[in-house]
Amino acid sequence: MQPDERQALIRQYASGKVTWHELRERGFEDYVQVLGALGELGLRPPVAPMAGPNLAARERGRAIVREALRARP
């Protein structure tokens, strides 16, 4: 894969247009490579939308973390 193609795929991944599964199909071997490429470009991994069957569990998890952070001195 050419560097320009690799950067384009990583940018698409960061914007949520390409999935991790698609990156693997196109030559990324592990997620560490993806994280490194995102870091090189100053990008962050995409955030899953707050929707779907796991929404309640995700909201509970976020509430637990927020409460733990509030409790810190």
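- Distance alone, capped at 3.5 Å, is enough to place a donor-acceptor pair between the D30 side chain and the Q33 backbone.
- Pairs engaging residues 36-73 under the ring pair (Phe, Tyr, Trp, His ring centres under 6.0 Å) rule: none recorded [sequence neighbours left out].
- A distance of 7.0 Å separates CG of L38 from OH of Y13, quoted to the nearest 0.5 Å.
- Pairs of residues two or more places apart, or lying in two chains, that qualify as ring pair (Phe, Tyr, Trp, His ring centres under 6.0 Å) and include a residue from residues 25-57 are W20-Y31.
- Across P46 and A14, no two heavy atoms sit closer than the pair CB-O, 3.9 Å.
- When each of R11, R6, Q12 is tested with L9 by the rule side chain to side chain contact (heavy atoms under 4.5 Å, CB included), just one qualifies, namely Q12.
- R70 pairs by the side-chain hydrogen bond (donor to acceptor under 3.5 Å, both in side chains) definition with E67, not counting sequence neighbours.
- The neighbour count for R58 CZ, taken as heavy atoms of other residues, nucleotides or ligands under 6.0 Å away, is above 12.
- In this structure, the separation between CD1 on I10 and CG on L41 is 7.0 Å, given to the nearest 0.5 Å.
- For the side-chain hydrogen bond (donor to acceptor under 3.5 Å, both in side chains) test, residues two or more places apart in sequence or in another chain that qualify with E22 are T19.
- Within the model, atoms CD of E40 and CG of L35 stand 11.5 Å from one another, a figure rounded to the nearest 0.5 Å.
- Judged as a side chain to side chain contact (heavy atoms under 4.5 Å, CB included), and not counting sequence neighbours, the contacts of E5 are M1, Q2.
- Looking at residues two or more places apart in sequence or on another chain, you find a side-chain hydrogen bond (donor to acceptor under 3.5 Å, both in side chains) between E25 and H21.
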Kindly determine whether M50 and E59 satisfy side-chain contact (heavy atoms from CB on, under 4.5 Å), including the steps that lead there. CA-CA 8 Å; M50 290 299 282; E59 287 174 337; 3.8 Å; yes

